[in-house]
Amino acid sequence: MLAILIAIPLLTFIVWEVFLFYRRRSTLPPGPFAVPLFGNFINEITPPLFHVGLKRLSAKFGNIFTVHMPYPVVNITDFETIRDVFKSNDATGRMHNVLLETTRLCENGGIVNSDGPEWQEQRRFAISTLRDFGMGKNLMEEKVRLSARNMVEFIGKQEDLSNTDLRWSIQVFVANIINEFLFGFQYPFDDCETLMNFVLGLNKAIEGISRSLLMPIIFMLPWARHIPFVRYFWRQHQQRFQKMINYVSVQAKAIKFDPNEEPTCYVQAFQLNNKDKRFEQLLSCCSELFLAGQETTTTTLRWGMLLLAKHQEVQDKLREEIHSKIDRDEIASMTDKMKMPYTAAVINEVQRVANIVAFNPVLMHRVTVDTTIGGYHIPANTLINGDFHQMMKSDPLFVDPTRFWPERYLAEDGVTLRKELVERTIPFSIGKRQCAGEGLARTELFIGLVSLIQNFRISPLPGKEIDLEPIYANIHFPKPQNFRLEKI
Ligand code: HEM
């Protein structure tokens, strides 16, 4: 009798949920067959190869389709629709998910994971602080140039360049810049163990979150993290991120703040302008800026080195332009970029071919009100994925899209950049939630890449091929590979 009393409501609940699932699904853009609870994870999408499943589905269902991961996600793959949807305020929400608990230390805290007025306020503050340190005095650019000079000197001092791992030099170059922006200091290249231990831990945490088979389960069924076996791994993952938060917390607490003095770093600027905000909000923002601001640029530069080592003819042409515009012992500045169209084309092509943020569940957008996309009615709170990864590899304007060919960005005169291709190259996304650190990242990519190619010829190790197959995680990492370097 008791069993029947439990079974009937349970069965009714399940039937009702299944009914709701398929009714909701029927009003959204078409997509593959999905089952409640698991969505398309059982038939179409295999983490971490999200982009492969999405590509296959787009070939079948077109530019706008619904995929269940396991929540319904409207996936968009054409440039015009992504641009129009993302420029609207209605698509600026984020998904509220348990995975965010790792870096969010207070309700709706930080920039990447928050939404609504709090997000807008913190986003504006971060962008204006980056700009204030850059405007007029070009302080941010000076920090990048200083870090680039240190990197080149450090590499140049190494005794044997015939088998060199560039990864750590690039990583310190980038990590130092965001460290100085947030906390006001850089580490010397030969004494940066604290920073590098911490960065190494962070890499493991990022790889862990995207490669673990348990993460999609926790993502789908957040309560699963309380099951003993799953809880053990969830705690391990949390501890890895906690190390970053501890680092950020120690640095932030150590910073002296005098309200009568001009701030020289983000933490001081935050304390001056956000007196009513909790320390946890400062920590959330700093952790996210540290995370978003270093692995992304480092990985892009590492891809740049691999692509240029593989395509020596591009590297030679690039170096020729660099040497014709910048003195040998000078570090590039952003005013040089205007005179260097081929360099601009190479950076665009590196970012297009090696686009590092292919799909990241944390970065999906959420429509905050009922809206219309491509003629379909999309109810409030539906998730949207602007699939610019695929767009940059399938838009008809990118002829022969798998080829690494920077010349595609140049008009017939060889010096004018093709606007229609540049505007479709959107590794930083587009619209209201476009990367908040884009300006800094572009400065780092230009000055970092130019400094390396200006000073070193980068080649594969003798008898070895460059391997361009990524390690698929939330960020597409290159496989660790050494180079043969020659000083120029
Ligand atoms: C090559 C380097 C970089 C790439 C490819 C990149 C890419 C991205 C992408 C794709 C997004 C998601 C945008 C969206 O949701 O539509 C994003 C967001 C963000 N990025 Fe970057 N990023 C880079 C460097 C940086 C740097 C250097 C910083 C910090 C100084 C930074 C800070 C942020 C922040 C705070 C957000 C969240 C913006 C928001 O949600 O409003 N990023 N980035």
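When a ligand or atom number is given, it counts from 1 through the structure's own listing order. Quick note: numbers below take in every heavy atom, side chains included, and nothing from hydrogens, waters or symmetry partners.
Heavy-atom neighbours of Lys337 NZ from other residues, nucleotides or ligands within 6.0 Å: above the threshold of 12. More than 12 heavy atoms of other residues, nucleotides or ligands lie within 6.0 Å of NZ in Lys393, so this atom counts as buried by the packing criterion. Atom CD of Glu193 is surrounded by 12 or fewer heavy atoms from other residues, nucleotides or ligands within 6.0 Å.
Pairing each heavy atom of Arg408 with each of Asp400, the nearest pair is NH2-O, 3.2 Å.
Checking Met364, Gln434, Arg94, Gln294 against atom 15 (O) of ligand 1, the nearest heavy atom belongs to Arg94.
Partners of Phe189 by ring pair (Phe, Tyr, Trp, His ring centres under 6.0 Å), not counting sequence neighbours, listed by chain and number: Phe154. Scored by the ring pair (Phe, Tyr, Trp, His ring centres under 6.0 Å) test, Phe86 finds His365 as partners (sequence neighbours excluded). Under the ring pair (Phe, Tyr, Trp, His ring centres under 6.0 Å) criterion, Phe257 pairs with no residue, sequence neighbours left out.
In summary, the aromatic rings of His51 and Phe359 are positioned with their centroids too far apart to meet the 6.0 Å limit. Ring pair Phe125/Tyr266: centre-to-centre distance below 6.0 Å. Between Phe183 and Phe181, the ring center distance fails the sub-6.0 Å criterion.
Nearest protein heavy-atom contact of atom 10 (C) of ligand 1 is Pro427 O, 3.4 Å. Protein heavy atom closest to atom 13 (C) of ligand 1, with residue, atom name and distance, is Arg433 O, 3.2 Å. The protein heavy atom nearest to atom 38 (C) of ligand 1 is Arg123 NH1, 3.4 Å. Distance from atom 37 (C) of ligand 1 to its nearest protein heavy atom, with residue and atom name: Val112 CG2, 3.7 Å.
Under the 6.0 Å distance and 45° angle rule, Arg352 counts as a cation-pi partner of Phe398. Taking the centre and axis of the six-membered ring of Trp119, the NZ or CZ atom of Arg124 falls outside the cone set by 45° and 6.0 Å.
Of all atoms in ligand 1, listed by their number and element, those nearer than 4.0 Å to a heavy atom of Thr300 are 1 (C). Annotation for ligand 1: atoms under 4.0 Å from non-hydrogen atoms of Leu363 are 12 (C), 15 (O). Residue contact check: Gln351 has heavy atoms under 4.0 Å from atoms 1 (C) of ligand 1. Proximity to Trp119 (heavy-atom distance under 4.0 Å) selects the following atoms of ligand 1: 39 (C), 40 (O), 41 (O). The contact set between ligand 1 and Ile178, taken as ligand atoms under 4.0 Å from a residue heavy atom, comprises 30 (C). Within ligand 1, counting atoms from 1 as listed, the ones closer than 4.0 Å to a heavy atom of Thr297 are 1 (C), 2 (C), 27 (C).
Here His365 has side-chain heavy atoms under 4.0 Å from ligand 1, and that is the only part of it that gets that close. Only the side chain of Phe388 comes within contact range of ligand 1, with a heavy atom under 4.0 Å; no backbone atom does.
Between Lys432 and ligand 1, no pair of N/O atoms sits closer than 3.5 Å. An N or O contact shorter than 3.5 Å links Ser429 to ligand 1 by distance. The shortest N or O to N or O distance between Glu444 and ligand 1 is not under 3.5 Å.
Around atom 21 (Fe) of ligand 1, the protein atoms of type N, O or S found under 2.8 Å away are Cys435 SG, listed by chain and number.
In this structure, Tyr472 and His476 have perpendicular ring planes: the angle between them is above 60°, well past the 30° mark.
Annotation: side chain of Glu288 is not in contact with side chain of Gln122 (no heavy-atom distance under 4.5 Å).
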